[in-house]
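This report concerns only the one structure given below.
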Amino acid sequence: MRVEIWSDIACPWCYIGKARFEKGLESFEHRADVEVVHRSFELDPGHAKGEVAPVVDMIAAKFGRSRQEALAMEEQVASHARSEGLGYRVGDRDHGSTFDIHRLLHLAKARGRQDELLSLVYRANFAEERSVYDTGTLVDLAVEAGLDEAESRVVLADSDAYADEVRADEREAAELGASGVPFFVLDRRYGVSGGQPAEVFTQALEQAWQGRAITPLAGVAEDGAGACDTDGACEVPQAGGHS
């Protein structure tokens, strides 16, 4: 069974959702028979390359909030991340174009190191003092994931490298009706939206494996689940819910 996950590195719920999905997969009896493929989705495809700003300032400006309100929103998301055992920095993360990151992730997919690179980029972006919008940092992360340094530099230097693959993923997401991420597609038959609790993913996997309809799971609004949509807004469920 194949599970495709559309996500963006700038989306905190994609970071949280990946961890929750992996916990749900761990509880699935047939986990060894599941192939996981990560797909590209840019929350802000119009963002100019090289324009990087603090994420809190971006949130405040985009949604007309004060800096303190934006920090409070980040703290709420952070509480959900930390409940999953994930590191999460509040207040000093960068925000920029993720197109080059997605291109590099396609190189990693071609070399069989996609999940490794995605995990490292998420950790660097949300938990560490490393900007993933810096070419040197991306190359370092690629090498950590097992990619060739020279090849990674060549891909990042060529804006056309793997660009078609990124755009193809984004077109498929639109055709499947995904307006936000994370978005999980199981065997191209069933969809689950948002960073759902681990047990929801386990149930979805079980029902997809058995071939039963899982309509109640598609778009289910569980307490503690969240997603980011194409205008950049990220739902912030109240902490202390289902996680």
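Source: prediction; values computed, not measured.
The cluster map of Ile, Leu, Val, Met, Phe, Trp and Tyr, joined by side-chain heavy atoms under 4.5 Å apart, puts Leu156 and Val166 in different clusters. Cluster membership check: Leu25 does not share its hydrophobic cluster with Val37, using side-chain heavy-atom separations under 4.5 Å among Ile, Leu, Val, Met, Phe, Trp and Tyr. Linking ILVMFWY side-chain heavy atoms closer than 4.5 Å, directly or via other members, places Val139 and Val154 in two distinct hydrophobic clusters. Hydrophobic clustering, with ILVMFWY side chains joined whenever heavy atoms are under 4.5 angstrom apart, keeps Phe99 apart from Met58.
Classification of the His47-His95 ring pair by plane angle, with boundaries at 30° and 60°, yields perpendicular.
Counted by atom type alone, Ser7 and His38 present zero donor-acceptor pairs between their side chains at under 3.5 Å.
Tested against Tyr122 for a side chain to side chain contact (heavy atoms under 4.5 Å, CB included), the candidates Cys11, Cys14, Pro12 yield a single pass: Cys14.
Expressed to the nearest 0.5 Å, how far CG of Leu205 lies from CZ of Phe184 amounts to 10.0 Å.
Look at Glu165 and Arg39 and you find no salt bridge, because none of the NZ, NE, NH1 or NH2 atoms lies under 4.0 Å from a carboxylate O. Between Arg188 and Glu4, at least one side-chain nitrogen of the basic residue sits less than 4.0 Å from a carboxylate oxygen of the acidic one, meeting the salt-bridge criterion. A salt bridge is absent between Lys23 and Glu26: the closest approach of a Lys/Arg side-chain nitrogen to an acidic carboxylate oxygen does not fall below 4.0 angstrom.
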Output, in order, the C-alpha distance, side-chain angles, deciding distance and verdict of side-chain hydrogen bond (donor to acceptor under 3.5 Å, both in side chains) for His106 and Asp169.
CA-CA 10 Å; His106 273 280; Asp169 279 358; 3.0 Å; yes
Intermediate values then yes/no, salt bridge (Lys or Arg N to Asp or Glu O under 4.0 Å), Arg111 and Glu151
CA-CA 11 Å; Arg111 301 294 177 261; Glu151 184 177 32; 2.4 Å; yes
